[in-house]
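One structure is given here, and the rest of the page talks about it.
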Amino acid sequence: MRLGLALGYWGRGPSADHVPLAQEAERLGYDSVWTAESWGSDVFTPLTWIAAQTSRIRLGTAVAQMAARSPTTTAMHALTLDHLSGGRVMLGLGLSGPQVVEGWYGRPFPKSPLTATREYVDVVRQVLRREGPVALDGRFHSHPYRGEDGTGLGKALKPITHPLRFDLPILLGAEGPRNVEQTTRIADGWLPLYWSPSRPDAYGAAVEALPPGFLVAPLARVQVCADVAEGLLPVKTMLGFYIGGMGHASRNFHADLMARMGYEEEARHIQRLFLEGRREEAVLAVPDAFADEISLVGPRERIAERLELWRKGPVTDLLALAPDRESLRVLAELNS
């Protein structure tokens, strides 16, 4: 099982520790470092900054939001950074949800998310293969554009720049069983959210028959600490926000996933508290058991024991949300 460092996205501003952490991860033998985006910092610029100050570690997006860019724009970002970094990029994509897509990006959330994702990946792959002009008679991503509000003058084009790698890995953030099943067919890997090594069935039957070489790269909080409850608090804070605030009461993919993992009553309770403005109560309502099974928190010996569960399943890459160098170091030692 390879190790990755997940840095997430910025809060109020950039973290001065992100580049040093990435450099330390590279020194410790970590395979990859990953950035993210929500509705603030973008995913590619920090990754480019890190690329310029490292030499070996692979560079991943977990995830680049599809609504933020047309598929050709995303492909341009990926092929450009892949050249500048010497072929180190892994492109992780995610659809996000209606609240972010319509509220932040100001565009409609696709009525058929599976089709929209499939078309997006198709266009990105066409750009990277550069076998001919990009052409797709799609429902969401037509190339050239054929909408009634267009000029009709669009011309199918292929990239001027020759991509460094036609097979640059594409991973998808998928939560629902149908989305996960499609991911195993159209992508090179999967970025699970809230992965529990004891509950792979929550993602559907596709997890039991993954293609050869398919990447499974979940994000997990990793923290070496004496007090487990204290170490779980950041996990519960994240869960409270995503389950309560990253979605509508009637449509929240994160809450639905938690429900499929056996915590339906708790998920709906967290949603209600958060939407009522009782955010601290929502965080405290997250069960310690749920936060614990999707993370690696506690003394070294406890993390070592629990790490064995992650190794036994389909996980190929553990992307650690590690807040300090000691946790990075201990995880590397335990995984060696």
Side-chain angles (χ1 to χ4, degrees), residues 1-11 14-36 46 50 53-54 56-60 62 191-200 215-243 258 261 263 280 283-284 286-336:
M1 186 174 66
R2 292 178 296 263
L3 297 180
L5 168 65
L7 295 173
Y9 46 78
W10 297 354
S15 170
D17 210 30
H18 277 184
V19 168
L21 278 174
Q23 292 172 330
E24 178 67 2
E26 182 173 69
R27 189 189 69 79
L28 290 168
Y30 278 61
D31 178 74
S32 57
V33 58
W34 302 72
T35 54
I50 291 168
Q53 300 178 76
T54 55
R56 176 198 57 78
I57 197 165
R58 293 200 291 172
L59 311 158
L191 296 160
L193 190 65
Y194 313 153
W195 175 262
S196 169
S198 60
R199 300 177 192 265
L215 304 177
V216 178
L219 284 77
R221 174 83 173 186
V222 178
Q223 184 175 1
V224 179
C225 57
D227 189 327
V228 174
E230 183 178 338
L232 289 176
L233 190 55
V235 184
K236 295 176 64 168
T237 300
M238 176 274 294
L239 288 168
F241 176 63
Y242 273 72
I243 293 162
M258 183 178 175
M261 295 178 75
Y263 296 91
E280 291 186 9
V283 169
L284 295 176
V286 175
D288 282 3
F290 180 55
D292 195 28
E293 68 180 87
I294 64 169
S295 58
L296 289 162
V297 170
R300 178 188 177 110
E301 297 74 18
R302 187 175 193 268
I303 291 177
E305 179 181 348
R306 295 169 62 81
L307 189 62
E308 292 305 313
L309 294 174
W310 293 72
R311 285 203 187 100
K312 291 177 181 178
V315 173
T316 61
D317 298 77
L318 172 59
L319 311 186
L321 290 156
D324 57 78
R325 288 162 181 75
E326 181 190 2
S327 297
L328 281 179
R329 178 184 57 78
V330 168
L331 183 62
E333 291 173 354
L334 294 176
N335 194 59
S336 61

Do any N or O atoms from the side chain of D317 and from the backbone of G4 form a donor-acceptor pair under 3.5 angstrom?
->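 The answer is no, because no donor-acceptor pair under 3.5 Å joins these two groups.
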Mind checking whether [X] and [Y] have side chains closer than 4.5 Å, heavy atoms only?
X: P323; Y: Q223; value: yes
X: L319; Y: L191; value: yes
X: D292; Y: R302; value: yes
X: L307; Y: L331; value: yes
X: L59; Y: V33; value: yes
X: V228; Y: P299; value: yes

What pairs with [X] under side-chain contact (heavy atoms from CB on, under 4.5 Å), at least two apart in sequence or on another chain?
X: A36; result: Y9
X: I303; result: V224, L296, L334
X: S198; result: S196, E293
X: E280; result: none

Got a second to check how far [X]'s [atom1] is from [Y]'s [atom2], nearest 0.5 Å?
X: L219; Y: L5; atom1: CG; atom2: CG; result: 10.0 Å
X: T35; Y: L7; atom1: OG1; atom2: CG; result: 7.5 Å
X: E24; Y: T54; atom1: CD; atom2: OG1; result: 13.5 Å
X: L239; Y: L232; atom1: CG; atom2: CG; result: 10.0 Å
X: I294; Y: M238; atom1: CD1; atom2: CE; result: 5.0 Å
X: L318; Y: R2; atom1: CG; atom2: CZ; result: 11.5 Å

Nearest heavy atoms of [X] and [Y], plus distance in Å:
X: L3; Y: A332; result: CD1-CA, 3.8 Å
X: L21; Y: A322; result: CD1-O, 4.3 Å
X: C225; Y: V297; result: SG-CG1, 3.8 Å
X: I57; Y: Y30; result: CG1-O, 3.7 Å
X: W310; Y: P218; result: CZ3-CG, 3.9 Å

Counterpart residues, salt bridge (Lys or Arg N to Asp or Glu O under 4.0 Å), relative to [X] (two or more places apart):
X: D324; answer: none
X: E26; answer: none
X: D227; answer: none
X: R56; answer: none

Which residues satisfy the side-chain hydrogen bond (donor to acceptor under 3.5 Å, both in side chains) test with [X], sequence neighbours excluded?
X: S32; result: W34
X: E308; result: R311
X: E333; result: R300, R329

What do the steps show when you test R325 against D17 for side-chain contact (heavy atoms from CB on, under 4.5 Å), and what is the final call?
-> CA-CA 10 Å; R325 288 162 181 75; D17 210 30; 2.9 Å; yes
Salt bridge (charged side-chain N to carboxylate O under 4.0 Å, His left out): which pairs involve residues 230-240, sequence neighbours left out?
->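 The answer is K236-D288.
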What class does the angle between the rings of F290 and Y194 fall in, given that below 30° is parallel, 30 to 60° is tilted and above 60° is perpendicular?
->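 F290 and Y194: perpendicular rings.
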